[in-house]
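Chain letters run A, B, ... following the sequence lines, proteins first and then strands; every chain starts at 1.
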Amino acid sequence: MSIEYVVVSEGEHDEPIELPAEEDGSLLLSTVAAQFAGASGLKFRAGGRLRGLRLADERVLPPADGWAAHRYFCAFPRAAERAPRPRCSDLIVLGLPWKTGEDAVRDYFAAFGELLMVQVKRDAKTGLSKGFGFVKFAEYEAQLRALGRRHMIDGRWCDVRIPNSKDGGSAADRKVFVGRCTESLSADDLREYFGAFGQVTDVFVPRPFRAFSFVTFLDPEVAQSLCGQDHIIKGVSVNISTASPKRERARSALLGWGVLDAPRVFSWPPDAWAHAAPPDAKPYLKYE
DNA sequence: GTTGAGCGTT
């Protein structure tokens, strides 16, 4: 007896993959979801019309004329059912050219979705741009599109972020620390290398040179999955670990050395041991 | 040489 395979793709025009049917001729929804996360069913096109397949007891049932007669693609829950969409926040736009004003910023970001607000921050006296501004979108999807990439505005690369004065540090779990970098590794090298693991939204390489960098991914799971690993990039063995905010690290160090009292409830970060000082270490304070 | 730039007159 041989296994029957069902030809399924994510969207109608995506590359198909063969999924094994069960002995009773049904296809387990879990088999579909294992390849296409979030899929809730299957559909196919018959005579130009879309047709959905029956679902019974977490199993997709074959059409009347059998699996082999069609190729299938996934049905997903409506966006509104997956989760209530978070509200849009103001977004900070960093790195604007000095000459760029509201009109150019509005023209640029209008391509991502309807804008509710555009500001370029200026010096009160001179009226000159401070090189950053704020935008707010009407739709959360537009905000996601704008956050997921860099932006070339009037000839300069600009970054769009959630401002840290509101809801600060939301990028922490999407960011990794890349240690043991050499000067030969450029931001573009890192972007290209890590782009193979998932969409990279930011790369920070300190200048002047220091032997580390930060890489931020769109997907926190991608970032977390890389932590603890060593990777060889252009012949350089780098070490990847969690990126923790400067404030947190300073505080952890002070607590660890007994300079500060620990609060009654305090949980060490998973890598706290790695930052612990030897018993004879002198406290080192760096003031901002 | 293993922890980051810049963050909002109203």
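- Counting any heavy atom pair closer than 4.0 Å across all strands shown, A:Phe132 reaches sugar-phosphate atoms only and no base atom.
- Listed by residue number, the members of residues 108-126 of chain A with any heavy atom below 4.0 angstrom from DNA chain B are A:Met117, A:Gln119, A:Lys121.
- B:dG6 adopts an anti glycosidic conformation, its chi angle falling more than 90° from 0.
- Sequence order on DNA chain B of the closest nucleotides to A:Arg207 and A:Gly179 puts A:Gly179 first from the 5' end.
- Between A:Phe197 and A:Phe194, the ring planes lie tilted relative to each other; the angle falls in the 30° to 60° range.
- At least one side-chain heavy atom of A:Leu91 sits under 4.5 Å from a side-chain heavy atom of A:Phe137.
- Contacts of A:Gly133 with the nucleic acid, taken as non-hydrogen atoms under 4.0 Å apart, are absent.
- When distances are taken from the side chain of A:Ala211 to each of B:dG8, B:dT3, B:dT2, the shortest belongs to B:dT2.
- Candidate nucleotides B:dT3, B:dT9, B:dT2 were compared by shortest atom distance to the side chain of A:Arg210, and B:dT3 ranks first.
- For B:dT2, the base is not stacked against the aromatic ring of A:Phe212, per a cut-off of 5.5 Å between centres and 30° between planes.
- To the nearest 0.5 Å, atom SG of residue A:Cys181 and atom CG of residue A:Asp189 are 10.0 Å apart.
- Taking atom CZ of A:Phe177 as the reference point, atom P of B:dT3 lies 5 Å away to the nearest angstrom.
- Within a 6.0 Å radius of CD in A:Glu12, more than 12 heavy atoms belonging to other residues, nucleotides or ligands are found.
- Between the CG atom of A:Asp230 and the P atom of B:dT2 there is a distance of 14 Å, rounded to whole Å.
- DNA chain B lies under 4.0 Å from no heavy atom of any residue of residues 182-202 of chain A.
- Near DNA chain B, meaning a heavy atom under 4.0 Å away, the residues from residues 153-161 of chain A are A:Asp159, A:Arg161.
- Using a 30° and 60° split on the angle between ring planes, A:Phe109 and A:Phe112 fall in the tilted class, from 30° to 60°.
- In this structure, A:Asp230 pairs ionically with A:Arg180, as a charged nitrogen and a carboxylate oxygen lie closer than 4.0 Å.
- As rounded to whole Å, 11 Å separates atom P of B:dT3 from atom CG of A:Asn239.
- In this structure the side chain of A:Arg51 never reaches within 4.5 angstrom of the side chain of A:Pro63, judged on heavy atoms.
- Between A:Phe209 atom CZ and B:dG1 atom P the separation is 8 Å, expressed in whole Å.
- When side chains are defined from C-beta on, A:Ile162 counts as touching A:Gln143, because their heavy atoms get closer than 4.5 Å.
- For A:Glu221, the CD atom sits in a loose shell: 12 or fewer heavy atoms of surrounding residues, nucleotides or ligands are nearer than 6.0 Å.
- Following rounding to the nearest Å, A:Leu128 (CG) and B:dG6 (C1') show an atom-to-atom distance of 16 Å.
- Legend: residues meeting side chain to side chain donor-acceptor pair (under 3.5 Å) with A:Gln224, ordered by chain and number and at least two apart, are absent.
- Judged by ring centres under 5.5 Å apart and planes tilted less than 30 degrees, A:Phe134 stacks against the six-membered base ring of B:dG8.
- If you check distances only, the side chain of A:Lys175 does reach the base of B:dG4 with a donor-acceptor pair under 3.5 Å.
- Residues meeting the side chain to side chain donor-acceptor pair (under 3.5 Å) test with A:Asp159, sequence neighbours left out: A:Arg161.
- When the ring-ring contact (aromatic ring centres under 6.0 Å, His included) test is applied to A:Tyr72, the partners found at least two apart in sequence or on another chain are A:Phe44, A:Trp67.
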